2 protein chains.
Amino acid sequence: MSTVGLKLRELREKSGFSLRKAAVAIDIDMAILSKMERGERKFSKELVLKLAKLYNTDSNELIIGFLSEKVIYELADEEFGIEALKVAEKIIKYKKIQ
Amino acid sequence: MSTVGLKLRELREKSGFSLRKAAVAIDIDMAILSKMERGERKFSKELVLKLAKLYNTDSNELIIGFLSEKVIYELADEEFGIEALKVAEKIIKYKKIQ
DNA sequence: TTACCTTTGACAAAATTAGTCAACACAAAA
DNA sequence: TTTTGTGTTGACTAATTTTGTCAAAGGTAA
């Protein structure tokens, strides 16, 4: 169960960026990026997109991971998390047709 | 696609509570309950539970609706909302076994 | 040592969310 | 026609959460 942070750290290292340089490139404080990669802070969608671009990677999978983490966070240890997801899915699908 | 607010308003009316009395019973300002029922403000889980109890109703379905609304809110108009839900579901199911 | 790299925590700033309150509108009863 | 009870609205403040800044410190390698 790899996180978006983990993936983005791997991508950064593969791309040869130091934390400092990547942070400068997307215009945030290095401390924040460090915390985001380690899951101590949440990414914003905007930053995920910027980093995907910086690392020359397709962003779709990263965004999906990012969004799913947000959802999981909301449902934390909810007893009816799965049921809620099912309902949400139905509604979203319904909305799409309209 | 009825919302939790709508359901709770119906339940309140069926139970014969005025907005004021229901609000007093769960110890919040009437204005807030009014806005929540109409979807202008988000419920908290705690309040949903209190209201379910007040109206003598099973809370499970209400909670599922409440949670799914939170999820939908997070995914707003995301292109990959459905995909994110699928990933989230897998991860949550996986977590449950552990 | 010097030069990087990264982590950590304290702190401040900004933004979001929650709560309070009074004014208003409406309808029905006294 | 006042009074009473209903619900809505918006302005305002308070509280909480999120976000950003910064400096100190611990590694590692040249």
Side-chain angles (χ1 to χ4, degrees), chain A residues 2-52 54-55 62-63 65-78 84, chain B residues 2-52 54-55 62-63 65-78 84:
Chain A
S2 82
T3 66
V4 173
L6 225 54
K7 284 182 195 164
L8 281 169
R9 166 151 292 188
E10 283 169 9
L11 283 168
R12 174 173 63 77
E13 288 170 347
K14 272 187 199 164
S15 307
F17 283 95
S18 72
L19 206 44
R20 175 172 281 109
K21 285 182 180 169
V24 168
I26 62 170
D27 193 36
I28 59 168
D29 191 290
M30 176 181 53
I32 295 179
L33 184 56
S34 167
K35 286 169 186 168
M36 285 176 166
E37 285 184 349
R38 287 172 298 110
E40 200 180 307
R41 286 217 186 172
K42 283 180 275 182
F43 279 98
S44 69
K45 187 184 175 188
E46 191 198 2
L47 289 183
V48 173
L49 291 173
K50 279 187 181 174
L51 288 172
L54 181 65
Y55 305 147
L62 288 169
I63 290 296
F66 161 72
L67 290 173
S68 70
E69 275 175 27
K70 280 215 295 185
V71 167
I72 289 167
Y73 179 82
E74 288 297 325
L75 298 181
D77 304 298
E78 286 293 343
Chain B
S2 82
T3 64
V4 173
L6 224 53
K7 283 183 197 163
L8 282 170
R9 168 150 293 190
E10 284 168 9
L11 283 169
R12 175 173 62 77
E13 289 171 345
K14 272 188 200 163
S15 308
F17 282 96
S18 71
L19 206 42
R20 175 171 282 109
K21 285 183 182 171
V24 168
I26 63 169
D27 193 36
I28 59 168
D29 191 290
M30 176 181 54
I32 296 179
L33 184 55
S34 168
K35 287 169 186 167
M36 285 175 168
E37 284 185 349
R38 287 172 299 111
E40 201 180 306
R41 286 219 185 166
K42 282 179 274 180
F43 279 97
S44 68
K45 188 185 174 189
E46 190 198 2
L47 290 184
V48 173
L49 291 174
K50 279 187 183 177
L51 288 173
L54 181 64
Y55 305 147
L62 289 169
I63 291 296
F66 161 72
L67 292 173
S68 70
E69 274 174 28
K70 281 215 294 186
V71 167
I72 289 167
Y73 179 83
E74 289 297 323
L75 298 180
D77 304 297
E78 287 293 343

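Just so we're on the same page: letters track the sequence lines, and every chain starts at 1. Because only heavy atoms are used, hydrogens play no part in the values below, and waters and symmetry mates are left out as well, while side chains stay in. Because the structure is predicted, anything quoted here is derived from the model rather than measured.
A:Ile26 CD1 to A:Leu47 CG: the interatomic distance, rounded to the nearest 0.5 Å, is 5.0 Å. Between the CZ atom in B:Arg41 and the NZ atom in B:Lys35 there is a gap of 5.0 Å [rounded to 0.5 Å]. Note that CD of B:Glu37 and CZ of B:Phe43 are 6.0 Å apart. Values are rounded to the nearest 0.5 Å. For the atom pair CZ (B:Arg12) and CG (B:Leu8), the distance works out to 9.5 Å, reported to the nearest 0.5 Å. Atoms CD1 and NZ, from B:Ile28 and B:Lys50 in turn, are 8.5 Å apart once rounded to the nearest 0.5 Å.
Toward the 5′ end of DNA chain C lies the nearest nucleotide of B:Met36, the other residue of the pair B:Met36 and B:Met30 mapping further downstream.
Evaluation of the side-chain hydrogen bond (donor to acceptor under 3.5 Å, both in side chains) rule for A:Lys70 yields B:Glu74 as partners, not counting sequence neighbours. Residues meeting the side chain to side chain contact (heavy atoms under 4.5 Å, CB included) test with B:Leu49, sequence neighbours left out: B:Lys45, B:Ser59, B:Ile63.
Straight-line distance from the CD atom of B:Glu37 to the P atom of D:dT8: 7 Å, rounded to whole Å.
Chain B approaches DNA chain C over the interval C:dT17 to C:dC21, counting the first and last nucleotide 5' to 3' with an atom under 4.0 Å from its heavy atoms.
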Side-chain donor-acceptor pairs of residues 15-25 of chain A under 3.5 Å, sequence neighbours excluded:
from: A:Ser15; atom 1: OG; to: A:Leu11; atom 2: O; distance (Å): 2.7
from: A:Ser18; atom 1: OG; to: A:Arg20; atom 2: N; distance (Å): 3.4
from: A:Ser18; atom 1: OG; to: A:Lys21; atom 2: N; distance (Å): 3.0

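When A:Arg38, A:Glu69, A:Arg9 are each tested for a side chain to side chain contact (heavy atoms under 4.5 Å, CB included) with A:Thr3, only one passes: A:Glu69.
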Each nucleotide N or O in nucleotides 10-19 of chain D that has a protein N or O under 3.5 Å away: list the pair and distance.
from: D:dG10; atom 1: N7; to: B:Lys35; atom 2: NZ; distance (Å): 3.3
from: D:dG10; atom 1: O6; to: B:Lys35; atom 2: NZ; distance (Å): 3.3

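Remark: nothing in residues 12-21 of chain A comes within less than 4.0 Å of DNA chain D through any heavy atom.
Side-chain atoms of A:Leu51 and A:Leu62, non-hydrogen and from C-beta on, never get closer than 4.5 Å to each other.
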